[in-house]
Amino acid sequence: MNSKSCETAGTDPKALYICGPTASGKSALALEMARELDGEIVNADAFQLYRGLEIVSAAPSPDERSQVPHHLYGVLAPTEAADAGSYMRMAKPVIAEIQRRGKTPIVTGGSGLYLKFLTHGPAPLPAGEPELRAQLDARPLDDLVDELTRLDPVEAARTALQNRRFVSRALEICLLTGKQASTLRDQWETQTREISASLHGLVIQRSRPELHARIAARTRAMLEGGAIEEVAALTEVSPNCEKAIGFREIRSLLVGETDRGTCEELINAATRQYAKRQETWFRREKWLSVR
RNA sequence: GGCCCGAUAGCUCAGUUGGUAGAGCAGCGGAUUGAAAAUCCGCGUGUCCCUGGUUCGAAUCCGGGUCGGGCCA
């Protein structure tokens, strides 16, 4: 077992983070660590926050949840919106409360940006505004790039200008604050460095063939285990929820646009691609030790 | 058995009048602080079915095979 995790036992229990790509076995490891460290599990998965999405999001089963206290699973209605900031504000008090009781928070999940907010705090930036975003979405990308370049050339130079999301967000910050996104972001970059040194967590690493096999097995189990019925039952969802891998694919199966085999393969491919992005993300989090 | 069509990347396919091949998807690598299971960027990975021939040169033209599909018996 990992010796590093026991160092702080007895005093103020530090949170243990368990990260890794989807289907790598985070939930199982979390249970194991919770038993070993007298811990409680806190969700760090953007989609397992939602109620009614348990199967598609591969949330821990009722049986698993009965073994150890689990927090922040199924706490949002499918119609509710969420983002990294709102997640952080939900999770911080939960974690503090667990620590107050002398238990170890085992923060478990694969949503890199959500975890990053939790561990390193928010930059001094405004939250997104749906109305402004809708306005920006209606404009051509070139137009947004021009305006960003005018308002904040430094930020424009370091932004991937083909990425509408990134351009739009940078511009949004400038418009909302009247300041330059680049200077606000620089402040956060510097404050963030010392934080990493005080964190501890594990990132699960598996070989590609093994991970891909686990993904295929899990997709099969989901489809046979009620995922189709689950999606059929979700009549009203937020645009957030609609992005869940499996949601769109099962919807098109339900209306007869695809067959079962194609649906399964599309879910597998999307999941593999997501897992790869997660690996890239966590590889950059040097404070995580590889497990 | 006869005739016809097809065989090119992991998959589906494109390939001009002969000049050793390229798209989509998959895959691989990367970026990424309030949409992140999102969004975006980069990379072609090849016994062109086999074999003999024509040609300076064949994925491409000709002969013979093999496999798959279709039609006629």
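So you know, we letter chains A, B, ... as the sequences are listed, proteins then strands, and number each from 1.
Look at CZ on A:R208: it is 4 Å from P on B:rG29, rounded to the nearest Å. To the nearest angstrom, C1' of B:rA31 lies 12 Å from CZ of A:R283. Atom-to-atom, CG of A:N268 to P of B:rG10 comes out at 20 Å; the value is rounded to the nearest Å. The distance from atom OH of A:Y114 to atom C1' of B:rA36 is 7 Å, rounded to the nearest whole Å. Straight-line distance from the CG atom of A:L118 to the C1' atom of B:rG34: 14 Å, rounded to whole Å. A:R277 has its CZ atom 13 Å from the P atom of B:rC41, to the nearest Å. Distance CG (A:L113) to P (B:rC40): 17 Å, rounded to an integer number of Å. If you take OH of A:Y274 and P of B:rG29, they are 17 Å apart, rounded to a whole angstrom.
Around the CZ atom of A:R208, the shell of radius 6.0 Å holds more than 12 heavy atoms that belong to other residues, nucleotides or ligands. Within 6.0 Å of the CZ atom in A:R248, the count of heavy atoms belonging to other residues, nucleotides or ligands does not exceed 12. For A:E224, the CD atom counts as densely surrounded, since its 6.0 Å shell holds more than 12 non-hydrogen atoms of other residues, nucleotides or ligands. Annotation: A:Q205, atom CD; neighbour count of heavy atoms from other residues, nucleotides and ligands within 6.0 Å does not exceed 12.
For A:Q273 and B:rG27, the shortest distance from a side-chain N or O to OP1 or OP2 is below 4.0 Å. A close approach under 4.0 Å does not occur between any side-chain nitrogen or oxygen of A:R165 and OP1 or OP2 of B:rA36. Contact annotation: A:K276 does not reach the phosphate of B:rC28 (side-chain N/O to OP1 or OP2, under 4.0 Å). For A:S111, no side-chain nitrogen or oxygen approaches OP1 or OP2 of B:rA36 to under 4.0 Å. Residue A:R272 has no polar side-chain atom (N or O) positioned under 4.0 Å from OP1 or OP2 of B:rA37.
Base pairing analysis places B:rG63 opposite B:rU51; the two distances defining the Watson-Crick or G-U wobble pair are each below 3.5 Å. Pair check for B:rG46 finds none; no Watson-Crick or G-U wobble contact set falls under 3.5 Å. Shown here, B:rC56 forms a base pair with B:rG19; the pair counts as Watson-Crick or G-U wobble because both key distances fall under 3.5 Å. Base pairing annotation: B:rC40 forms a Watson-Crick or G-U wobble pair with B:rG30, both donor-acceptor distances under 3.5 Å. Across all strands shown, B:rC72 is found opposite B:rG1 as a Watson-Crick or G-U wobble partner, with both distances under 3.5 Å.
Residue-to-nucleotide contacts include no donor-acceptor pair under 3.5 Å from the side chain of A:D83 to the base of B:rA36.
Mapping A:G110 and A:F117 onto RNA chain B by nearest heavy atom places A:F117 closer to the 5' end of the strand. Where A:A160 and A:D137 meet RNA chain B, the nucleotide closest to each residue was compared, and A:D137 sits on the side nearer the 5' end.
Within the 3.5 Å criterion, the main-chain N or O of A:S238 finds no donor-acceptor partner in the side chain of A:T79. Counting only distance, with no hydrogens or angles, the side chain of A:Y87 and the backbone of A:L115 share no donor-acceptor pair below 3.5 Å.
In this structure, a donor-acceptor pair under 3.5 Å is present between the side chains of A:T22 and A:R218.
Nucleotides B:rA36 and B:rU8 are separated by 43 Å at their P atoms, to the nearest Å. Distance noted for atom C1' between B:rC61 and B:rG68: 24 Å (whole Å). Comparing the C1' positions of B:rU16 and B:rA58 gives a spacing of 15 Å, expressed to the nearest Å.
Taking CD1 from A:I204 and CD from A:Q278, the interatomic distance works out to 11.0 Å, rounded to the nearest 0.5 Å.
Within residues 237-254 of chain A, the residues that have a heavy atom under 4.0 Å from RNA chain B are, in order of number, A:N240, A:K243, A:A244, A:I245.
The glycosidic torsion of B:rG24 lies more than 90° away from 0, which places this base in the anti conformation.
Alongside A:L171, the hydrophobic cluster contains A:L132, A:L136, A:L141, A:L144, A:V145, A:L148, A:L151, A:L161, A:V167, A:L175, A:L176 (criterion: ILVMFWY side chains under 4.5 Å).
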